[in-house]
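Have a look at the structure below before the remarks.
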Amino acid sequence: MPEGHSIHRLARQLGDLFTGQRLSVSSPQGRFSAGAQLLDGRVLTRARAHGKHLYLDFAAPQDPQDVLVMRSHLGIYGAWSFVGDETSAAASSIGAPRRVGERESGSSQAPAVAHDDAGRVVPEAPVGAVRARLAGEHGWADLRGPALCAVETPEEARAAEAKLGPDPLDPDADPAPFLAKAGRSRRAIGVLLMEQDVVSGIGNIFRAESLFRRGVNPMTPGTSLTPEDLRGLWDENVALMDVGVRVGRIITTDPEDRPGIPESEAWPEHANYVYHRHGQDCLRCGATVLKKDLNGRGLYWCPVCQA
DNA sequence: TAAAAATGAGGAA
DNA sequence: TCCTCCTTTTTAG
């Protein structure tokens, strides 16, 4: 899936494009028709992310206290795509990549978009299975393939959020619950980092890469790690996910480990240390990177650097 | 055409 | 430990 950094970028982009506007909300595919009807014509007042969950607050135009929350989760396939006119961001897409190392798609050039007499863009016919479409003054956004897309009361949304562990991308996050939960669990740290009620927003790549960078074997039980080890893993994820938010892509290697390759170039084979690099030489020590299945997901690690 | 793969997660067994 | 759901793109036959 798009890991937490993608969802935070989505929150920012949706907020930039739509905040303060009355939106047309629809479900061209039909599977979100009831929810879309509840939101149609409301005003987007806030867009934010916690872990991999996206929260969009919609207020009634006449009553700011009357708020409904659209909560969505992309799962492993979901993605949002955007089309906007010249006053907004150009066309782009954020969500599930279809190839390893694929970056967010996006053109710097604004596409030709039609406007109505009032100056609002006229959305084009939806392509494929569009679960939800949000249309505003300067563009529209299509959501495809989410694992979850629901309309909730603010209380319901808060209850769902309360189940999530701290998010490394939240500047105000308190890592204490993560340190406590992980530190008293005998389960492997490689499993714990993916548990969203332990820590939220980390997916398969950040798990593999943060463990590599800290030299921690993924199968180490949480109880065998010191508080300093766990704090180090938290800090590592804060740093890596922050880069992900800024760049729009998961880049976890240090410059000295990708010699001769400028930042601006595509270098999927050197963007990560171990993720999807099984069978290849470790960028640091030359040992063969390993892969095994752990709870149905690929786990990648260097047996020497992470002994 | 069909199948496989992809940065999840919830629930049954 | 399975099984299932969600969608698009790429690869295989």
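Lettering of chains follows the sequences in order, A, B, ..., and the numbering in each one begins at 1.
Contact annotation: A/H73 reaches the phosphate of B/dA9 (side-chain N/O to OP1 or OP2, under 4.0 Å). Residue A/H276 places at least one side-chain N or O closer than 4.0 Å to OP1 or OP2 of B/dA6. An OP1 or OP2 oxygen of B/dG8 is reached within less than 4.0 angstrom by no side-chain nitrogen or oxygen of A/Q196.
For the residue pair A/Y273/A/R284, the side-chain donor-acceptor check at 3.5 Å is satisfied. Side-chain N/O atoms of A/N204 and A/Y275 include no donor and acceptor closer than 3.5 Å. Remark: the A/R144 side chain and the A/S81 side chain contain an N/O donor-acceptor pair separated by less than 3.5 Å.
At a threshold of 4.0 angstrom between heavy atoms, the contacts of A/R207 with the nucleic acid are absent. Among the heavy atoms of the strands, none lies under 4.0 Å from A/L148.
Applying a 4.0 Å cut-off to non-hydrogen atoms, the residues of residues 24-37 of chain A that approach DNA chain C are A/Q29, A/R31, listed by residue number. Sorted by residue number, the list of members of residues 155-165 of chain A with any non-hydrogen atom under 4.0 Å from DNA chain B is empty.
In this structure, A/L192 is a member of the same hydrophobic cluster as A/F178, with clusters built from ILVMFWY side-chain heavy atoms closer than 4.5 Å.
Taking atom C1' in both C/dT8 and B/dG10, one finds a spacing of 23 Å when rounded to whole Å. For the P atoms, the distance from C/dC3 to B/dA4 is 15 Å, rounded to whole Å.
One interatomic measurement links the two molecules: NZ of A/K52 to P of B/dA6, which rounds to 16 Å at whole-angstrom precision. In this structure, A/N295 atom CG and B/dA9 atom P are separated by 12 Å, rounded to whole Å. The OH-P distance, from A/Y77 to B/dA4, rounds to 13 Å in whole Å. When the P atom of B/dA5 is taken as reference, atom CD1 of A/I205 falls 17 Å away, rounded to whole Å. Distance, A/L192 CG to B/dG8 C1': 17 Å, rounded to whole Å. Per the geometry, CD1 belonging to A/I94 stands 18 Å off P belonging to C/dT8, to the nearest Å. Separating the CZ atom of A/R297 from the P atom of C/dT1 is a distance of 16 Å, rounded to the nearest angstrom. Rounding to whole angstrom units, CG of residue A/L143 and P of C/dT7 are separated by 9 Å.
One finds no salt bridge joining A/D197 and A/K163 here, because no Lys/Arg side-chain nitrogen approaches an Asp/Glu carboxylate oxygen to under 4.0 Å.
Within the 3.5 Å criterion, the main-chain N or O of A/V274 finds a donor-acceptor partner in the side chain of A/E209.
Taken to the nearest 0.5 Å, the CZ atom of A/R277 stands 4.5 Å off from the CD atom of A/Q280.
Here C/dT8 is the nucleotide among C/dT8, B/dA6, B/dG8 with the atom lying nearest to any side-chain atom of A/R144.
Under the salt bridge (Lys or Arg N to Asp or Glu O under 4.0 Å) criterion, A/R46 pairs with A/D57, not counting sequence neighbours. Take A/F58 and apply the ring pair (Phe, Tyr, Trp, His ring centres under 6.0 Å) test, not counting sequence neighbours, and it matches no residue.
Just one residue in the list A/I189, A/L211, A/L299 forms a side-chain contact (heavy atoms from CB on, under 4.5 Å) with A/M219, and that residue is A/L299. If you run side-chain contact (heavy atoms from CB on, under 4.5 Å) between A/L143 and each of A/L74, A/L134, A/V130, only A/L74 comes through.
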With a cut-off of 3.5 Å and sequence neighbours excluded, list every side-chain donor-acceptor pair involving residues 114-127 of chain A.
residue, atom, partner, partner atom, Å
A/H115, ND1, A/V113, O, 3.2
A/H115, NE2, A/D85, OD2, 2.9
A/D116, OD1, A/A118, N, 2.9
A/D116, OD1, A/G119, N, 3.0
A/D116, OD1, A/R120, N, 2.9
A/R120, NH2, A/R22, O, 3.3

(request) Give the dot-bracket string for DNA chain C, reading 5' to 3', where a pair is Watson-Crick or G-U wobble with both distances under 3.5 Å, ( ) marks pairs inside the strand, [ ] marks pairs crossing earlier ones, | marks a partner on another strand, and . marks unpaired. (result) |||||.||||||.
